[in-house]
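Take a look at the structure below.
Values below: every heavy atom of this structure, side chains too, minus hydrogens, waters and symmetry copies.
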Amino acid sequence: MELFSEGAGGTGSGLWRNARLLTMVEGAEPVERGAVVVRDGRIAYAGPEAGLPDGLEGLAVTDCRGAWILPSFVDCHTHLVFAGNRAREFEMRLAGASYEDIARAGGGILSSVTAVNAADEDRILAESLPRLEAMLAEGTSTVEIKSGYGLNIGAELRMLRVARRLGRMRNVRVKTTWLAAHAVPPDYRGRNADYIREVAIPGLEQGHEEGLIDAVDGFCERIAFTTEELRPLFDRAQALGLPVKLHAEQLSDSGGSAFAAGYGALSCDHLEYLEATGIAAMQAAGTVAVLLPGATYAIREAQMPPVAALREAGVPIALATDCNPGSSPLTSLLLTMNLGATLFRLTVAECLAGVTREGARALGLLAETGTLEAGKSADFTLWQIGSPAELVYWLGFNPAHQRVYRGFAE
């Protein structure tokens, strides 16, 4: 498919016409001959060409020649900023070691902590930037980035400073998450509550003062923190006006989802061992279920999240890469969708919504991005495909033609 562009997107305004649209607005049908009008970085119109408004003179025009336009992707759960890699642990898993075996042997998160603490900010940035660029090449416009590989105040804040720098260096919306409660460092072993009180909470306060933190997360699991250990951290986040989210029910049902929902959590993530009580609490709170099939695949987890029960309860479902050096060394939301469909039996529609509308909802950004609607940020991607199902179907093939971020085409 050959697309013709006449300079559109150079001013943050323009008209993309002769396109097929999937707006991802709930209940909306595909538009076979559609158009998108952008003014000053905002969508002014998205719908049938026959309904285009007047007053379009002077706008740069892109003839899309029948290409599909969808909202740009939202990767709502990543650990993108880190140093080093854990390829050796990958080999160990292939030999039969479990995620918990590796963690208890001093690997897992703690091995990445060693690498991050040995690296300065510029080195971490240099290693993280190519991962971000790989995401942008697939039409991603918004990326959540967590700390969690420092486990001391200085290194945790260094990670978030890198995340902020990445957002300034590239045309991408970066949302940062304080995840100091990711693991217990060796010098605090057996003193989880002390670590929360002496590191996680003071670091949160400092990072908030510096404007580095958009949300707060924790790892609720038998190899990490209990709900009661996390409670003071979430109480402090709430007092600072910061939303919370939680790594929950990945390896066991620890009650994390119901706990986080009690704080009105934006999302609970992983959820392989989620049971009925947690589902009901999430539904009542409007908390999004963020599923991470890359981790399920990489660690060969046999337990699948309860997709049918989540559907039945009406809990929104998002998908994310969980990009990290150990359990999900994945940067591709295209592949994530395929894994979500093949492993979790999500439908094509659920996969597409999971990386657009529901991903935005999981970050509290649905009013800003995630669908093609007037007033929202002009974040969309042109795809050289015959149908949207191809975005879930292909393995290792990227049919993105043009990414538009805040009205600027790349």
Side-chain angles (χ1 to χ4, degrees), residues 12 41 71-83 116 121-150 155-180 182 203-204 206-217 237 242-245 266-267 269 288 290 292 318-325 328 330-333 336 355-356 358-370 376-381 403-408 410:
S72 289
F73 294 159
V74 177
D75 199 340
C76 63
H77 181 128
T78 88
H79 305 256
L80 177 77
V81 168
F82 58 85
V116 165
E121 188 175 307
D122 287 341
R123 178 181 158 194
I124 297 171
L125 178 76
E127 292 193 32
S128 302
L129 183 58
R131 294 188 283 270
L132 176 63
E133 290 176 331
M135 293 175 172
L136 302 189
E138 288 192 353
T140 295
S141 70
T142 302
V143 180
E144 185 257 17
I145 300 177
K146 304 177 190 294
S147 69
Y149 294 130
E156 290 287 305
L157 294 176
R158 186 159 69 247
M159 292 180 69
L160 295 187
R161 292 189 189 102
V162 169
R164 289 288 194 231
R165 286 178 65 184
L166 289 170
R168 294 191 295 269
M169 292 174 67
R170 294 293 183 268
N171 291 325
V172 62
R173 182 182 295 102
V174 170
K175 302 296 285 185
T176 56
T177 299
W178 179 252
L179 183 59
H182 197 197
L204 166 63
Q206 184 177 336
H208 179 257
E209 186 174 344
E210 292 184 34
L212 294 174
I213 299 171
D214 297 321
V216 176
D217 196 353
L242 292 169
V244 300
K245 57 186 74 175
L266 289 173
S267 71
D269 305 27
V288 178
V290 177
L292 306 169
L319 287 172
T321 61
D322 191 21
C323 175
N324 74 70
S328 188
L330 173 64
T331 61
S332 171
L333 276 175
T336 297
V355 301
T356 55
E358 304 309 336
R361 194 192 307 273
L363 295 179
L365 289 174
L366 189 54
E368 175 69 8
T369 193
K376 290 194 175 183
S377 181
D379 308 331
F380 54 87
T381 302
R403 188 181 75 109
V404 178
Y405 178 66
R406 293 181 173 171
F408 289 88
E410 296 181 348

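- Proximity of Val143 to Lys175: side-chain heavy atoms (C-beta onward) are nowhere separated by under 4.5 Å.
- For Glu368, the salt bridge (charged side-chain N to carboxylate O under 4.0 Å, His left out) partners at least two apart in sequence or on another chain are Arg42, Arg173.
- The closest side-chain heavy-atom distance from Leu330 to Asp322 is not below 4.5 Å.
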Please lay out, stage by stage, how Leu132 and Val172 fare under the test side chain to side chain contact (heavy atoms under 4.5 Å, CB included).
CA-CA 9 Å; Leu132 176 63; Val172 62; 4.2 Å; yes
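- Each of Leu129, Thr176, Ile124 was compared with Val81 under the side-chain contact (heavy atoms from CB on, under 4.5 Å) criterion, and only Ile124 meets it.
- Ser147 meets the side-chain hydrogen bond (donor to acceptor under 3.5 Å, both in side chains) test with Glu156; sequence neighbours excluded.
- For the atom pair Arg164 CZ and Leu125 CG, the distance stands at 14.5 Å (nearest 0.5 Å).
- Remark: side-chain polar atoms of Ser72 are not paired, donor with acceptor, to backbone N or O of Ser141 under 3.5 angstrom.
- Looking at every heavy atom in both residues, Ala163 comes nearest to Ile145 through CB-CG2, 3.9 Å.
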Apply side chain to side chain contact (heavy atoms under 4.5 Å, CB included) to Leu166 and Ser128, showing your working.
CA-CA 8 Å; Leu166 289 170; Ser128 302; 4.2 Å; yes
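- Partners of Asp217 by salt bridge (charged side-chain N to carboxylate O under 4.0 Å, His left out), not counting sequence neighbours, listed by chain and number: Lys146.
- Every residue meeting the side chain to side chain contact (heavy atoms under 4.5 Å, CB included) condition with Thr356, not counting sequence neighbours, appears here in chain and number order: Met24, Pro71, Phe73.
- With rounding to the nearest 0.5 angstrom, the CG atom of Leu204 is 6.0 Å from the CG atom of Leu242.
- When all heavy atoms are compared, the tightest approach of Asn171 to Leu136 is O-CD1, 4.4 Å.
- Contacts classified as salt bridge (Lys or Arg N to Asp or Glu O under 4.0 Å) and involving residues 125-142 (residues at least two apart or in different chains) are given here: Arg123-Glu127, Glu133-Arg170.
- With hydrogens and angles left out, the side-chain atoms of Thr142 and Thr369 include no donor and acceptor closer than 3.5 Å.
- In terms of heavy-atom proximity, Leu157 sits nearest to Trp178 at CD2-CZ3, 3.7 Å.
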Before giving the answer on side chain to side chain contact (heavy atoms under 4.5 Å, CB included), spell out for Thr78 and Asn324 the whole-Å C-alpha distance, their side-chain angles and the decisive distance to 0.1 Å.
CA-CA 7 Å; Thr78 88; Asn324 74 70; over 6 Å; no
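- Between His182 and His79, the ring planes are parallel. Angles under 30° get that label, and only those over 60° would be called perpendicular.
- The side-chain hydrogen bond (donor to acceptor under 3.5 Å, both in side chains) search around Arg158 returns none, not counting sequence neighbours.
- Every side-chain hydrogen bond (donor to acceptor under 3.5 Å, both in side chains) that Lys376 has, sequence neighbours left out, goes to Thr371, Glu373.
- Note: Leu333 CG to Met135 CE = 7.0 Å, rounded to the nearest 0.5 Å.
- Between Lys245 and His77, every side-chain heavy-atom pair lies at or beyond the 4.5 Å cut-off.
- Here the closest heavy-atom approach between residue Met159 and residue Gly148 is recorded as SD-N, 3.7 Å.
- Scanning for side-chain hydrogen bond (donor to acceptor under 3.5 Å, both in side chains) contacts around Asp75 gives Thr321, with sequence neighbours left out.
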Are Glu410 and Arg403 close enough, and set up right, to give a salt bridge (Lys or Arg N to Asp or Glu O under 4.0 Å), and what steps lead you there?
CA-CA 6 Å; Glu410 296 181 348; Arg403 188 181 75 109; 2.9 Å; yes
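- Side-chain atoms of Ile213 and Leu160, non-hydrogen and from C-beta on, do get closer than 4.5 Å to each other.
- Scanning all heavy atoms of the two residues, the minimum distance from Pro243 to Leu266 falls at CB-CD1, 3.7 Å.
- Listed here is the closest heavy atom pair of Ala360 and Gly370: CB-CA, 3.9 Å.
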CA sep, side-chain torsions, deciding dist, call: Val404, Asp379, side chain to side chain contact (heavy atoms under 4.5 Å, CB included):
CA-CA 5 Å; Val404 178; Asp379 308 331; over 6 Å; no
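- The structure places CD of Glu358 at 9.5 Å from SG of Cys76, a figure rounded to the nearest 0.5 Å.
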